[in-house]
Amino acid sequence: MTTQYPVLWPVPTRWADNDHYGHVNNVTYYAYFDTAVNAWLMDATGTDIRELPAIGIVAETSCRFHASLSFPDKLQVGLRIARLGRSSITYDLAIFREAGQDLEHAATGTFVHVYVDETTRKPVEIPEVIRTAARTLVTDDTER
């Protein structure tokens with residue numbers, strides 16, 4: 001399954017991620033998605049994306065849980081593009097737990113960035129530096 005994702009981005013769990021029941025709280029999975037997408041964007045573009053005139057705001061996100069996680073699990077977040085539009089990008093994501101030499105599938109989800117003008121918050125075209133990086137995550141079954 002990991003081969004379906006052009007990038008695997010490392011994200012560690014933290015002590016504070018565990019809830020009272022001893023596993024990573026469900027809302028934290030969304031933080032892992034957010035961290036992986038934005039850290040990858042900054043790395044892939046060589047740009048501090050917070051300084052671009054257009055910013056990506058999260059318009060939609062979802063998560064389907066497949067296995068429980070717990071600190072101190074080490075994670076890899078798989079990233080690929082499900083849809084690359086004019087002003088939005090839909091990421092198809094997966095969280096994998098490192099288990100020795102293997103990766104165990106823990107969750108799948110989506111994350112939609114809509115690009116807006118930093119001042120007016122009106123939709124604008126995806127900045128070219130972002131679009132260029134995003135193209136590297138496009139797979140054969142991606143909508144364009």
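We count residues from 1, following the sequence as given. Keep in mind that this is a model prediction, so the values were computed, not measured.
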Sub-4.5 Å side-chain heavy-atom contact between [X] and [Y]:
X      : Y     : result
Phe33  : Cys63 : yes
Thr13  : Leu75 : yes
Tyr115 : Ser88 : no
Val37  : Leu79 : yes
Val129 : Ile49 : no
Val24  : Asp19 : no
Met42  : Thr47 : no

- Note on the structure: Applying ring pair (Phe, Tyr, Trp, His ring centres under 6.0 Å) to Phe65 and not counting sequence neighbours gives Tyr29
- Contacts of Phe111 that satisfy ring pair (Phe, Tyr, Trp, His ring centres under 6.0 Å) - sequence neighbours left out: His113
Taking distance alone, no hydrogens or angles, what donor-acceptor pairs closer than 3.5 Å link side-chain atoms of residues 4-11 to residues at least two apart or in another chain?
none

Taking only distance into account, with no hydrogens and no angle test, what donor-acceptor pairs under 3.5 Å do side-chain atoms of residues 91-103 form with protein atoms, sequence neighbours excluded?
residue : atom : partner : partner atom : Å
Asp92   : OD2  : Arg80   : NE           : 2.6
Asp92   : OD2  : Arg80   : NH2          : 2.5
Arg97   : NE   : Asp73   : OD2          : 3.1
Arg97   : NH1  : Glu104  : OE1          : 2.5
Arg97   : NH2  : Ser68   : O            : 2.1
Glu98   : OE2  : Gln76   : NE2          : 2.7

- Task: Determine, using the 4.5 Å side-chain heavy-atom cutoff (strictly less than), whether Ile130 and Val114 are members of one ILVMFWY cluster.
- Result: no
- Message: Starting from Val112, can I reach Leu41 by hopping between I/L/V/M/F/W/Y residues whose side chains sit under 4.5 Å apart?
- Response: no
Of all heavy-atom pairs between [X] and [Y], which one has the smallest distance, and what is that distance?
X     : Y      : result
Ile81 : Ala134 : CG1-O, 3.4 Å
Gly85 : Ile126 : O-CD1, 3.3 Å
Arg86 : Arg131 : O-NH2, 3.2 Å

Partners passing side chain to side chain donor-acceptor pair (under 3.5 Å) against [X] (at least two apart in sequence or in another chain):
X     : answer
Asn26 : none
His66 : Thr108
Thr90 : none
Thr35 : none

- Message: Between Trp40 and Val77, does the side chain to side chain contact (heavy atoms under 4.5 Å, CB included) criterion hold? Intermediate values first, please.
- Response: CA-CA 10 Å; Trp40 175 81; Val77 177; over 6 Å; no
- Query: Just by distance, do the side chain of Asp117 and the backbone of Thr120 share a donor-acceptor pair under 3.5 Å?
  - Reply: yes
- Message: Treating Asp34 as the side-chain partner and Tyr30 as the backbone partner, does any N or O pair qualify as donor plus acceptor under 3.5 Å?
- Response: no
- Query: Arg135: what forms a salt bridge (charged side-chain N to carboxylate O under 4.0 Å, His left out) with it, not counting sequence neighbours?
  - Reply: Glu128
- Note on the structure: Taken in chain and number order and not counting sequence neighbours, the residues that satisfy salt bridge (charged side-chain N to carboxylate O under 4.0 Å, His left out) with Arg14 are Asp17
Under 3.5 Å donor-acceptor pairs involving side-chain atoms of residues 51-61, not counting sequence neighbours:
residue : atom : partner : partner atom : Å
Thr61   : OG1  : Thr110  : O            : 3.1

- Pairs touching residues 41-50 that satisfy salt bridge (Lys or Arg N to Asp or Glu O under 4.0 Å), sequence neighbours left out: Asp48-Arg50
